[in-house]
Amino acid sequence: MVSGTALVYDEEMMNYRLLWDDPECAIEVPERLSSSYKRLQDYDLVNRCVLLPVREATEEEITLVHSPEYLDVVKSTQTMDIDELKKTSKKYTAAYFHQNSYRCAKLSLGGTLQLVDAVMSGDAQNGMALIRPPGHHSQRSESNGFCVFNNVAVAAEYAKIKYKVQRILIVDWDVHHGQGIQYIFEDDPSVLYFSWHRYEHGSFWPNLSESDYDFIGKGRGTGFNVNLPWNQIGMGNADYIAAFLHVLLPVAFEFNPELVLVSAGYDSGIGDPEGRMCATPECFSHLTHMLMHLAGGKLCMILEGGYHLRSLSESVSMTVRTLLGDPVPRLSGNMTPCYSVFNQDLLNENLLNSVGKMLPALEKLVNRKTRNCITLSPNASLSAAVAVQQVLRLGSERVLCILIGDVDMKPEITNDGKTMCLTISGDKMLEKTISQFQTFIKWKEGPHEGNSFFYALFRFLLPLAYSYQPDLITLAIESSRSIGTKDIALLTSLLQGLADGAILAIVTEADKDVIEALSNVLVSCASMFFGPYKPPAKECIQSLTQELTVMQTYWSMLQCLAN
Ligand code: Q9C
Ligand code: ZN
């Protein structure tokens, strides 16, 4: 099994800066790199990564995306004096050159390619490149928005050629539109580009009509460009999570990429003067965690913007922690990251219990002495009913109870909101939703290769769970389950983004496949592969839509589905 998180960093990329007065460019400072790296060291994360040296990108690599004429211009800045540098910079928008810009841009791109090599060769599972200059605004023959070479775009072309990758997903969570990446891949169906960005109906930089939601690509690339413009500032955790669950992830899972590249700009985080958004550093843990479920976990984070040094470095740290497999912190409204919810030693301690041993295990779970727990039971839903009563008694305040299969014994649903119960069954349900805390959906995965369950997961189950914000989750899986082993693994793995990952999974003894899959997910965070997309059955969609109509009046994370 592939494991390990790669980290690319070299302080040599700090050796260029703005040499004259220009308020627009003044925010892009060398300390962006050193403060991020220092924070990673402070949290002892650097030691846990595989450090990768940078290298210079070759001219051949640069010209995978850029014109030879533009390369010559950048090259020529090496020997310019300050007036010539200024003059060259002024030819572009929001760009500045220094005598070391060319060298640093080659290292920045070369570092990105080092990361791609590590992940594609299997030397690392995932990783992050801390680099500057950034890349996503840069175009074939143009520097733009502090970017010299388009690191992520070159990385995608490089992976296509060197590793024969056929589908690459680029997620651009920087607060600016990466128009450079969009232009390069707008007619290319092998690269799916997703970007959210501050837009304010076009009044925010770079003020382009093609940054709006209705630009979806050109020619054969039509449908492979997804823009999500924010027309207001102040977007926060709930907005970002909803955008992932409702827009990006359904498309991304259907696309089924072989590699995911993230234009990881942190100017979309709280405190940033450019973005003026409100997402806290923990939010980037959740975003990272969700993306780790694609492409068998092949995930490369490439730094773009991020100008509030504290916010930037905290968010970078959250990203790297999550890549390393640490638990996803609960979303809080404030800037104080919650680092010490668990005792490190106990992180991967999982308990395999019989029903008789369940109660002490529950106590450990409620008190966060263990992260999660798998229990075997001859009757999963009955055990779940017992467990829910018990954890409420032990002090849990919101228990999310998910039942999969035909269920004989439902936990008693209190209408005070202390429990929420979601049932997934393949049979026509006799029961109906009777309150905002109880819902049933019909979902059936056929025997054929392919998957559709993520539709129900992203559109309904996770938004509901994120709205509810449980402090503990019980998951009961009956042998009469109607969804596949991989579906259950994906569901369980994504639920780890909630309740500090405090999950009690109750499985029937005979269900060896699910026991193995859940052990992989909960103990060793194994990477996952899903087959090609298969559209869900009409009746399943119908059942889901009915439930949505009822539930979205109560739960705001569902509401963006109104139209
Ligand atoms: N007040 C990156 O984040 N200035 N580039 C915008 C709006 C240019 C941002 C002015 C911002 C460039 C990589
Ligand atoms: Zn930016």
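Start at 1 and go down the list; that is how both ligands and their atoms are numbered.
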Show me a pair-per-line table, with atom names and distances to 0.1 Å, of protein N or O atoms that are under 3.5 Å from an N or O of ligand 1.
unit_1	atom_1	unit_2	atom_2	d
ligand 1	3 (O)	His176	ND1	3.2
ligand 1	3 (O)	Asp267	OD2	3.0
ligand 1	3 (O)	Tyr307	OH	2.6
ligand 1	4 (N)	Glu24	OE2	2.8
ligand 1	5 (N)	His137	NE2	3.3
ligand 1	5 (N)	Gly145	O	3.0
ligand 1	5 (N)	Tyr307	OH	3.4

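Shown are Phe284, Trp196, Phe194, Trp230; of these, the ring-ring contact (aromatic ring centres under 6.0 Å, His included) with Trp173 is made only by Phe284. Considering His137, His176, Arg132 in turn, His137 is the only one that fulfils the side chain to side chain contact (heavy atoms under 4.5 Å, CB included) rule with Cys147. Results of the ring-ring contact (aromatic ring centres under 6.0 Å, His included) test with Tyr533 over Phe454, Phe255, Tyr455 single out Phe454 as the only residue that passes. Each of Leu299, Thr322, Asn126 was compared with Leu291 under the side chain to side chain contact (heavy atoms under 4.5 Å, CB included) criterion, and only Leu299 meets it.
Inspection of the environment of the Zn ion (ligand 2) yields the following protein N, O or S atoms under 2.8 Å: Asp174 OD1, Asp174 OD2, His176 ND1, Asp267 OD2.
Formation of a donor-acceptor pair under 3.5 Å by the Asn100 side chain with backbone atoms of Tyr16 is not found in this model.
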All N/O donor-acceptor pairs, side-chain side in residues 489-499, below 3.5 Å, sequence neighbours left out:
unit_1	atom_1	unit_2	atom_2	d
Thr492	OG1	Ile488	O	2.6
Ser493	OG	His293	NE2	2.4

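Salt bridge annotation for Asp500-Arg371: absent, with no cationic side-chain nitrogen under 4.0 angstrom from a carboxylate oxygen.
Contacts of Glu157 classified as salt bridge (Lys or Arg N to Asp or Glu O under 4.0 Å), with partners at least two apart in sequence or in another chain: Lys160.
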Worksheet item: Can you list the steps and then say if Ser138 with Ser143 is a side-chain hydrogen bond (donor to acceptor under 3.5 Å, both in side chains)?
Response: CA-CA 5 Å; Ser138 147; Ser143 173; over 6 Å; no
